[in-house]
Amino acid sequence: MTEALRSLLARPRVLVTGVAMVVVAVTAMTLIPSLTHSAGAKLLADLDALGSDAWLVEPQPAPDGLPGRLPDGALARAAGLPQVSAALREVTTEVPVRPNAQELSDSGVHVIGLDASGKSSPYPVLSGTARPVPGLPFAVLGERAAEELGVLDLPATVVAGGRRFVATGVIAGDPLLPELADALVVDADTALALAGATASDRLVIRTAAALDAAGIRRSIDPLAHSALAVSQPQALVTAKQQSTSTLDGLAVYASVAAFVIAGLGIAIMLAAAVRQRTAEIAIRRVHGAPRRAVFGLVAAEGLGLGVLGGALGIVVSAVAMYAVAAVNHWPVQPQFALFAAAMGAAIVMCELAAAVPAWLAVRIEPATAFAVE
Amino acid sequence: MNGAPDEALVELDAVTVRYRDEAILEGVTHSVHRGDYVTVTGRSGAGKSTLLNVIAGTVFPSAGTVRVCGHDLGRSGPRTQAHRYAIGYLFQSAHLVSWMSVAENVLLGMRYQRVDRAEGRRRTGEALEAVGLAHRMDHRPTQLSGGERQRAALARAIARDPQVILADEPTGNLDAATGSSIIELIESLSAGRCLIVVTHDEALAARGTRRWTVGELGVHELTRTAP
């Protein structure tokens, strides 16, 4: 190995160019996935915010045509699923809402019931206190609903289904529940009491766990008393899958392309170097070097390029990764397995690239080599 | 250097060399003994270098047998290695490895003989001392004159302790005075071995105890004198 390094040092152009090619390949293999990982994480988080991590659980309509009902305790069981970040029970009604003591036809604002597991608000709060209190006539207004009803100051009294509610806050629409922006939001039981049999309810579950529809169905309704439809927002799920595969594909293609180009370049350079070293190799053969020793001579140079270039490439990649992350305020998560894989790939690529030049070196016959000279 | 004074070190038996169906040597049968100094002449392309390469084991005969120090030349593998270990080869050019020092070039000659490091260093020192280059052992070949390079190549050849020294126009690239001193050095260091020199120089050819000429597909012995 020492001799291989000295031999490379004697040909600085081969050494510098070869190492540079490996550095580029290793950097491409480690830096591109790292950057796409960071950028992709943000993209996937955005898609999750839109609801690509959501499951919708809806009861099938009853035989009489009225909306079906979720089984008792469904929300609590949904909240007990693995890695749940939010579990909501939403009751949709056609109950109209009007400002206190005023007639307002076709305001477009209806009552929606919403129960959420946990204590935090399931939607972005714009002003006031925004959480319906079960059993009390408190409500929150979606931002467009507040505008529609002319509610400028909080608290404000609104009327729905013949009952007065005190609107204590204004909320924005959630990307997954955009209808909230146009609604008066009360707790689910209140909404059911207002709307009666015409209300429909459903669950919205957000989880990072890899669950399937059948498992969710069994968890929500263990006794299978209800016919539940379990689904995901398909467009978002598809977009998430495409984003992940596109980013992964980009990283893989870029890495493979960089390694193939580097491998070809190194093979050509080492082959040229072998031609320049014909006399040296012939002298070694004359002095008894077996063919495997000649092969090993060139292979060791390939190994040297792979080790040097791989190590330098990892350093360059790490520095670039931290620099880009610092500029973009991304968190850096060094992927040591990727670095190790890149080092291995660099060595394998260089050895493969050295195979043909090594084979050419083995074929050098002293008599022919000196006759040509 | 061991062995009987008249031991046959090189034996060619009905050796034929063909290249692309064209015969270069045909049915060559000769033997060279310890102490022999053979000079080989002949026109260009007659097969002089091929003859040396056959003896060195770098060209394999199409037919016939080549034995050096009793080792029958195999086409490859250990037999070929043993064959090559017994030979020191000098070329018209020194063919030193430019990025190695003079001492490392001499060591390179022993690299594949499995000579241990200490022994290799000892032999290197002795060989460079013998050719008058001990003070240049850490120099690079590019820092040497043509004559010094050829002396370094001679040191590389004799450090292997070969029984047979082959020299293919060893003075071809040197001026007359330098060439003469190199030849004297080769002759003195070949004592007790056998030396085969290919040359176009009539004066050099006349120095050998045996003189061969290569031509008409054969190797013909012109003169033979007592060593």
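A, B, ... follow the sequence lines: proteins, then strands. Residue 1 opens every chain. Below, each value reflects all heavy atoms present in this structure, side chains not excepted, and no hydrogens, waters or symmetry copies.
If you measure heavy-atom distances from A:Arg11 to chain B, you find no contacts under 4.5 Å at all. Proximity to chain A (any heavy atom under 4.5 Å) is restricted, for B:Glu104, to the side chain, taken from C-beta onward. For B:Met100, the parts lying under 4.5 angstrom from a heavy atom of chain A are both the backbone and the side chain.
In this structure, the side chains of A:Ile283 and B:Arg156 come closer than 4.5 Å at one or more pairs of heavy atoms.
No more than 12 heavy-atom neighbours from other residues, nucleotides or ligands sit within 6.0 angstrom of CZ on A:Arg292. Residue B:Glu129 places its CD atom among 12 or fewer non-hydrogen atoms of other residues, nucleotides or ligands, all under 6.0 Å distant.
Highest contact tally toward chain A, considering only B:Asp168, B:Thr50, B:Asn53, is held by B:Asn53 [criterion: heavy-atom pairs under 4.5 Å].
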Exercise. Applying side-chain contact (heavy atoms from CB on, under 4.5 Å), run through B:Tyr112 and A:Arg285 and close with a yes or a no.
Key: CA-CA 9 Å; B:Tyr112 306 102; A:Arg285 295 278 290 137; over 6 Å; no

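The two residues B:His95 and A:Ala279 come nearest to each other via the heavy atoms ND1-CB, 3.7 Å. Nearest heavy-atom pair across B:Leu108 and A:Arg284 is CD1-NH1, 3.5 Å.
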